[in-house]
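Numbering starts at 1 and runs along the sequence shown.
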Amino acid sequence: MLAVMATGFDDADPLAGLRVGEARRPAAPPGWVEVRVKAAALNQHDLWSLRGVGLRADELPRILGCDAAGVDGEGNEVVVHAVIGDADAGRGDETDDPRRSLLSERHDGTFASSVYVPARNVLAKPAALSFEEAACLPTAWLTAYRMVFTRSATRPGDTVLVQGAGGGVATAAIVLARAGGRRVWVTSRSPARRERALELGADAAFEPGARLPERVDAVIESVGEATWAHSLRCVRPGGVIVVCGATSGDAPSAELKRVFYQQLQVVGSTMGSRGELLELLRLCELTGVRPVIDRVLPLASAREGFAAMLAGDIFGKVVFSV
Ligand SMILES: NC(=O)c1ccc[n+]([C@@H]2O[C@H](COP(=O)([O-])OP(=O)(O)OC[C@H]3O[C@@H](n4cnc5c(N)ncnc54)[C@H](OP(=O)(O)O)[C@@H]3O)[C@@H](O)[C@H]2O)c1
């Protein structure tokens, strides 16, 4: 079957190890089911994999991709939950299972004609969502959902700053926080992406590092080193910085004096539970909120999508149709 694979690791040139071609189809592990993939969405995670983060060299080639929507063995339209974990081992939350992984880390991922997943990881796709829209939800959108509604502890009327407005997680956070009644401010390096963030519903857009009219209740941080110092300065005393990623680097100064003196909360967030994905699907169905899609490409042209993400030349999600 046609698949998009990691065949090697290269930190400086991640696309060097990317291969689009025929892959072998092993048998499904016991208790796992096959989903025929109709659409799959690209994440920074797939670029990290090509740099060797989370993958083992002796397990290559590995089919990439965390996100998919497709059709199960009974012909039902479904969405795939990307977190492979045991909720009991995580005291009710599979993202807290110490042995959890994401699809494409220890098991082949979704950039293929079909994918095997545990039966628990298959959820009904609302008919109102296209396969392309549904495929955007399990990673970037679920991550943003948990950051805004669970981990930030903000309430309607609170102000949230989203750093790096153009990204998959960031665009999701803008739309979801707005749908949830938060005032949304954003930063982006690009004037065009700041403009598009306003069109999406952001209340104000700023250059990176800009002084804001007032301090915010929470920061949604997925950029890392490039925006961290600004995030620490933008949040009100006692406010929260929710961090899910570090695209620009993971070792900024911790600025501990500022953290304790301002009583800041720095809260990590990763993916979301099956229950939160169900909530997100319902929210999209009920409110009309839809994922922001930058472009849809055939799976055979996946390299073009990877290159655009590597160049930072996207607004929203890159989706592959299968
Ligand atoms: N923990 C989790 O469960 C989880 C889940 C999903 C993603 N993540 C992580 O979250 C991060 C974002 O993922 P994504 O899929 O949203 O990626 P993406 O779509 O490529 O977005 C990255 C965004 O970062 C912003 N950025 C600002 N300054 C930057 C700089 N100096 N260098 C690079 N980017 C910069 C860019 O925004 P502007 O160009 O608008 O400034 C860009 O749009 C990644 O590190 C990813 O691994 C984590």
Side-chain angles (χ1 to χ4, degrees), residues 1-32 34-35 37 40-68 80-86 89-90 94-118 121 135 138-140 143 167-169 222 224-225 243-251 268 270-271 297 299-312 318 320 322:
M1 63 176 180
L2 182 66
V4 176
M5 292 160 277
T7 58
F9 305 137
D10 191 330
D11 196 27
D13 179 15
L15 301 195
L18 184 70
R19 193 173 91 216
V20 182
E22 285 299 309
R24 210 171 44 81
R25 190 94 201 90
W32 290 44
E34 182 171 18
V35 172
V37 177
L42 180 66
N43 291 286
Q44 276 286 339
H45 184 277
D46 302 301
L47 284 173
W48 291 123
S49 298
L50 290 165
R51 295 183 178 108
V53 179
L55 292 189
R56 288 198 354 223
D58 61 351
E59 291 180 342
L60 299 181
R62 169 69 74 215
I63 299 176
L64 297 170
C66 303
D67 289 340
V80 168
H81 180 38
V83 181
I84 310 296
D86 175 357
E94 65 270 30
T95 65
D96 283 333
D97 171 1
R99 291 188 44 75
R100 63 127 161 85
S101 68
L102 299 190
L103 268 180
S104 81
E105 289 177 352
R106 278 186 235 133
H107 309 279
D108 277 334
T110 58
F111 293 166
S113 325
S114 83
V115 61
Y116 295 135
V117 289
N121 286 53
T139 297
T143 300
V169 173
S222 66
E225 237 166 84
V243 55
C244 79
T247 310
S248 60
D250 69 351
T270 279
M271 301 294 285
L297 298 167
L299 188 64
S301 306
R303 183 175 290 275
E304 183 185 330
F306 276 78
M309 176 169 268
L310 189 60
V318 173
F320 303 132
V322 185

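Partners of Arg99 according to the side chain to side chain donor-acceptor pair (under 3.5 Å) rule, which considers only residues two or more places apart in sequence or in another chain, do not exist here. Residues that satisfy the side-chain contact (heavy atoms from CB on, under 4.5 Å) test with Ala308, not counting sequence neighbours, are Arg295, Ile314. The side chain to side chain donor-acceptor pair (under 3.5 Å) test applied to Thr247 returns no partner, not counting sequence neighbours. With sequence neighbours excluded, the residues forming a side chain to side chain donor-acceptor pair (under 3.5 Å) with Thr139 are Asp67, listed by chain and number. Partners of Ala6 by side-chain contact (heavy atoms from CB on, under 4.5 Å), not counting sequence neighbours, listed by chain and number: Leu50, Leu55, Leu60, Leu64. Scored by the side-chain contact (heavy atoms from CB on, under 4.5 Å) test, Val243 finds Glu221, Trp228, Val266 as partners (sequence neighbours excluded). With sequence neighbours left out, Asp250 forms a side-chain contact (heavy atoms from CB on, under 4.5 Å) with Ala246.
Summarising the geometry of Ser101 relative to His107, their closest heavy-atom pair is OG-CD2, 4.3 Å, with the distance given to 0.1 Å. The two residues Val318 and Gly305 make their nearest non-hydrogen contact at CG1-CA, 3.9 Å. When all heavy atoms of Ile63 and Met1 are compared, the closest pair comes out as CD1-CE, 3.7 Å. In terms of heavy-atom proximity, Pro14 sits nearest to Leu310 at CG-CD1, 3.9 Å. Ser113 and Val322 get closest at one heavy-atom pair: CA-CG1, 3.8 Å.
Judged by distance alone, with hydrogens and angles left aside, the side-chain atoms of Ser248 form a donor-acceptor pair with the main-chain N or O of Glu225 at under 3.5 Å. For Arg303 (side chain) and Val20 (main-chain N/O), no donor-acceptor pair under 3.5 Å exists by modelled atom type. Although no hydrogens or angles enter the test, the distance criterion places a donor-acceptor pair under 3.5 Å between the side chain of Asp46 and the main chain of Gly65. Under the 3.5 Å distance criterion, the side-chain polar atoms of Asp97 are matched with a main-chain donor or acceptor of Asp86. For Tyr116 (side chain) and Pro26 (main-chain N/O), a donor-acceptor pair under 3.5 Å exists by modelled atom type.
For the pair Glu94 and His81, the minimum side-chain heavy-atom distance is below 4.5 Å. Taking 4.5 Å as the limit, some side-chain heavy atom of Phe111 sits within range of a side-chain heavy atom of Leu42.
Note on residues 101-115: pairs passing salt bridge (charged side-chain N to carboxylate O under 4.0 Å, His left out), not counting sequence neighbours, are Arg62-Asp108. The side-chain hydrogen bond (donor to acceptor under 3.5 Å, both in side chains) analysis of residues 5-30, with sequence neighbours excluded, yields the pairs Arg25-Ser114. Listed by first and then second residue, the ring pair (Phe, Tyr, Trp, His ring centres under 6.0 Å) pairs involving residues 47-66 amount to none (not counting sequence neighbours).
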Applying side chain to side chain contact (heavy atoms under 4.5 Å, CB included) to Val4 and Phe320, what does each step give before you reach the verdict? CA-CA 10 Å; Val4 176; Phe320 303 132; 5.7 Å; no
Apply side chain to side chain contact (heavy atoms under 4.5 Å, CB included) to residues Ile84 and Leu102 and explain how you reach the verdict. CA-CA 6 Å; Ile84 310 296; Leu102 299 190; over 6 Å; no
